[in-house]
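For reference, the structure is listed below as structure tokens.
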Amino acid sequence: MSRVAAPPAGQSARGGPSPSPSPHPLPAPVPVPVPVPGPVSGFRLGYGTNGLTDLRLPDALSLLADLGYDGVGLTLDHMHLDPLGPDLAARTAQVARRLGELGLAVTVETGARYVLDPRSKHGPSLLDPDPEARAARTRLLTRAVRIAADLGAHAVHCFSGVTPGGTSAPAAWQRLEQSLTPVLDAASTAGVPLAVEPEPDHLLATLDDFHHLRRLFGDPAPELLGLTLDIGHCQCLESVPPADCIRGAAPWIRHLQIEDMRRGVHEHLPFGDGEIDFPPVLAALAELTAAGYPGLTVVELPRHSHAGPELARSSIEFLRRQGAPAW
């Protein structure tokens, strides 16, 4: 866990000069001939595969479908649709077919801890001092966009990374903008929104920081540059309650994550173990759904894989008891 200082109300991110974009050439996407399910209306609950890493991916997907989940937050990692392994197109097509058979929607998540560097958690990041290291993360995200398009996913999640020591805030924001430019180009081509997550202790840590990033890119449409809103992170760090965060950020939300958490402590907790008052949160989610939110609300318990099947069951039961919108 990590303890983080909550910012005072109204505090904004510090920004630097807007650099000129420098896109990286992208290889041609590999078409995958699989059916893509059409849009589904109504509240849709998912569970993150980063909390089911002790299960093979087909077993995890079957478990979630059997429990009544509507979808899955699929973290691309060495044990679940490895984005760097061989025969990626064929493996992606196989996962797409299975998702279709089970009736599961999907969001592609990119928070795997060691998928690029086996010795550095989440490294290298989009903020790495080494341009080649930053480019490796950019290439992974552009590949994730193409995988998402082939799976029929409604968004690709990502985050900024921690500001490296000795790096000024303006320099870090400049690196983030330059690193994300080719990812946004790929997202625009694929028609899949990029959903950036404010993450405690990262450069982009709060909703204010997300809006700063939007301004750096000239306020693109949410269908291109959207928001991943983690309900626990709102409890941990934001200056207003999580339900107010949902309502205030509604126009930009393209992906949602949910779990319990305590104020000022970045630790993802099973429902009931933290401090979140869930009925107001679920009421705000019902409003968001009624307004046309197209995505999933994904249970995010990445450090509880050892108890993943039981927590997947108890999580959906908890949210139903708390008054989750009918699905």
Side-chain angles (χ1 to χ4, degrees), residues 24-40 44-116 136-158 182-195 223-224 226 228 254-255 294-296 298 305 308 312:
H24 300 270
L26 294 173
V30 178
V32 180
V34 295
V36 176
V40 179
R44 297 190 293 170
L45 186 66
Y47 199 94
T49 60
N50 59 3
L52 295 169
T53 56
D54 290 280
L55 277 68
R56 297 177 182 87
L57 182 57
D59 294 335
L61 297 180
S62 296
L63 169 73
L64 297 181
D66 289 345
L67 289 172
Y69 282 91
D70 303 290
V72 58
L74 176 57
T75 296
L76 304 178
D77 207 345
H78 61 88
M79 77 295 287
H80 289 161
L81 193 54
D82 184 353
L84 304 181
D87 303 319
L88 179 59
R91 289 185 289 112
T92 301
Q94 185 177 31
V95 172
R97 283 191 293 269
R98 188 58 180 152
L99 290 168
E101 291 165 359
L102 295 171
L104 293 173
V106 61
T107 300
V108 168
E109 300 193 354
T110 62
R113 295 182 180 94
Y114 296 99
V115 69
L116 284 178
R137 177 63 61 174
T138 295
R139 287 193 295 271
L140 178 66
L141 294 180
T142 55
R143 181 171 294 195
V145 167
R146 294 196 293 269
I147 292 170
D150 293 337
L151 292 176
H154 64 263
V156 172
H157 146 279
C158 72
V183 185
L184 287 173
D185 290 344
S188 178
T189 299
V192 179
L194 187 68
E223 292 76 19
L224 177 61
T228 291
R254 289 300 176 270
H255 182 43
L296 291 167
V298 170
S305 186

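Here the structure is a predicted model, which is why all the values come from computation and not from measurement.
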To the nearest 0.5 Å, what is the distance between CG on Leu140 and CG on Leu76? 7.0 Å
Stepwise side-chain contact (heavy atoms from CB on, under 4.5 Å) test for His157 and Thr110: CA-CA 6 Å; His157 146 279; Thr110 62; 4.0 Å; yes
Rounded to the nearest 0.5 Å, what separates atom CG in Asp185 from atom OG1 in Thr189? 6.5 Å
Say whether, by atom type as modelled, one donor and one acceptor occur between the side chain of Arg44 and the main chain of Val298 under 3.5 angstrom. no
So His154 and Thr107, side-chain contact (heavy atoms from CB on, under 4.5 Å) or not? Walk me through it. CA-CA 6 Å; His154 64 263; Thr107 300; 2.7 Å; yes
Is there side-chain contact between Leu99 and Val72, with at least one heavy-atom pair below 4.5 Å? yes
Would you say the side-chain atoms of Arg98 and Ser62 include a donor-acceptor pair closer than 3.5 Å? yes
Going by heavy atoms in the side chains, are Leu151 and Leu81 under 4.5 Å from each other? yes
Rounded to the nearest 0.5 Å, what separation is found between the CG atom of Asp70 and the CG atom of Leu296? 7.5 Å
Applying side-chain contact (heavy atoms from CB on, under 4.5 Å) to Leu88 and Arg143, what does each step give before you reach the verdict? CA-CA 10 Å; Leu88 179 59; Arg143 181 171 294 195; 3.7 Å; yes
Are any non-hydrogen side-chain atoms of Cys158 and Val183 less than 4.5 angstrom apart? no
Exam field: side chain His80 to backbone Leu55, donor-acceptor pair closer than 3.5 Å: yes
Which heavy-atom pair separates Gly71 from Leu64 by the least distance, and what is that distance? O-CD1, 4.3 Å
Can you name the closest pair of heavy atoms from Val156 and Ala144 and give their distance? CG2-O, 3.8 Å
Considering all heavy atoms, the nearest Ala190-Val145 contact: CB-CG1, 3.7 Å
Can you find a heavy atom in the side chain of Thr228 that is under 4.5 Å from one in the side chain of Glu109? no
So, do Leu194 and Leu184 sit near enough that their side-chain heavy atoms are less than 4.5 Å apart? yes
Nearest 0.5 Å, please: how far is CG in Leu52 from CE in Met79? 11.0 Å
Any donor-acceptor pair under 3.5 Å linking the side chain of Tyr69 with the backbone of Ala312? yes
Do Thr49 side-chain atoms and Thr75 backbone N/O form a donor-acceptor pair below 3.5 Å? yes
Under 3.5 Å: donor-acceptor pair, side chain of Arg254, backbone of Leu224: no
Given the rule in the side-chain contact (heavy atoms from CB on, under 4.5 Å) test, do Arg91 and Asp82 qualify, once you have shown the distances and angles that lead to the verdict? CA-CA 9 Å; Arg91 289 185 289 112; Asp82 184 353; 4.1 Å; yes
